Amino acid sequence: MAKVKTRERILAASLALFNEEGEAQVSTVDIAAAIDISPGNLYYHFKGKEAIIEALFDDFEVELRQVLSAPINRPLKIDDNWIFVYIVFEEINDFRFFYNNLAGILERCPDLRPRFARLTALKEKTANAVLSALEQEDVLTFAKGERAALARRIAAHLTFWLQFATLASNAPQTPRQMINDGVYALMMQTVPYMAADRAAFAGLLSDYFAAQR
Amino acid sequence: MAKKKKKEKAPGGSDMARKIWLAGVGAYGRAFSEAQESIAKVSDETTRLFDDLVERGEEIEDAVESRGREIAKTVRKPSFSIEDRIREMRERLNRVGADADRLSAVETRLDAIEAKLDQLLAAPATTRKAPAKRKTTRKTTKKTTKKATR
């Protein structure tokens, strides 16, 4: 159906433009122009930019929930865990316009606030599940309270990494670089809790991530 | 598979888990496809590979700066790339996640739909220029009420 198709095209173009230019810089007229439809036609599908953002959030939410739920439902293979971190970062990167302006967007779309809070809580729960699995295998070892604290730090890391990386660097970075650095920084946070082989693991990590640059 | 029992581990069991964890990262300094596939089986062959990889980790531990970087450079492209692994795992996660998370996804959707419905019911009819086509039910006037597009 042509109508469905137009809707999807609007969403795809919006996401690309938002991510590329920053959501604040893009108007609905820009979006309509990008896919060569009239502003009126766009308005027929979405009653404004907030409606588009909310529709994009719907998709993002479903996908991120799917990914984050996986290790809660069933532990991953040990060495899949760091690949999993990549996947979470990729998901977030696909939706980076949102993460780059969390406060601004949530203020304009207050309906998203509780939903985003739930997602953030799920990040923490997932981190806890992964850390528990690694603890059970004696890969990591935690004193009382440390695991929960680390899980919380990881959730914060996932939520603010993109913003931080953008602010911390003068030179523009490619998304790939940001993801890589983000995964590295997260993995390094687990090193102090390794039951053994700490130095070797830290060495392998910095070695691997240096090779990715 | 993360399948070892909690308490009564075989001696060296956790050591193996740690090796897998190390090797997982270490692997991408070199080609590692066979070991990846049989990782769960822990055959002699993979054990040997693990030792190899862990040994590499230890080497790097000794000389992270020079030797580690050097090795990493010479083996930039493992035959089983990280991108492949990410893609392959994504597919798996989507399958599993789709089933397990269907319920909460539906819940979330319902929340969203409900909120939108409230919004639509509350909002006054907006009048705006209608799109040129695909609105068979509209009047011929230029101003048309448009709501409930989904």
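Each chain gets a letter, A, B and so on, in the order its sequence line appears, and its residues count up from 1. Keep in mind that what you see is a predicted model, and the values were worked out from it rather than measured.
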**Item:** Atom group of A:Ile37 that falls short of 4.5 Å from chain B, counting heavy atoms
**Value:** neither
**Request:** Test A:Asp79 against B:Arg85 for side-chain contact (heavy atoms from CB on, under 4.5 Å), laying out the working first.
**Result:** CA-CA 11 Å; A:Asp79 71 319; B:Arg85 252 193 99 179; 3.2 Å; yes
**Complete:** Counting heavy-atom pairs under 4.5 Å with chain B, the top scorer among A:Val139, A:Leu68, A:Leu42 is A:Val139
**Request:** Give the intermediate values and the outcome of side-chain contact (heavy atoms from CB on, under 4.5 Å) for residues A:Ile87 and B:Met89.
**Result:** CA-CA 8 Å; A:Ile87 292 173; B:Met89 189 173 169; 3.9 Å; yes
**Inter- and intrachain pairs under ring-ring contact (aromatic ring centres under 6.0 Å, His included), touching residues 127-153 of chain A, at least two apart** = A:Phe142-A:Tyr193
**Item:** Pairwise distance CG(B:Leu93) to CG(A:Leu76) - rounded to 0.5 angstrom
**Value:** 6.5 Å
**Request:** Go through the atoms of A:Phe57 and report whether side chain, backbone, both or neither lie under 4.5 Å from a heavy atom of chain B.
**Result:** neither
**Request:** Locate the shortest heavy-atom distance separating B:Arg18 from A:Asp138; write the atom from each residue and the value.
**Result:** NH1-O, 3.2 Å
**Residues A:Glu90 and B:Arg87 bridged, charged N to O under 4.0 Å** = no
**Separation of A:Arg118 CZ from B:Asp111 CG (nearest 0.5 Å)** = 5.5 Å
**Fill in**
Honestly, the part of A:Arg176 sitting under 4.5 Å from a heavy atom of chain B is side chain
**Prompt:** How would you list all residue pairs meeting ring-ring contact (aromatic ring centres under 6.0 Å, His included) that involve residues 120-139 of chain A, not counting sequence neighbours?
**Reply:** none
**Message:** Run the salt bridge (charged side-chain N to carboxylate O under 4.0 Å, His left out) test on B:Arg109 and A:Asp59 for me, step by step, so that the C-alpha distance in whole Å, both residues' side-chain angles and the decisive distance to 0.1 Å come before the verdict.
**Reply:** CA-CA 10 Å; B:Arg109 284 277 192 199; A:Asp59 293 344; 3.8 Å; yes
**Asked** So which of A:Leu134, A:Asp111, A:Ile72, A:Leu140 has the largest heavy-atom pair count under 4.5 angstrom toward chain B?
**Response** A:Leu134
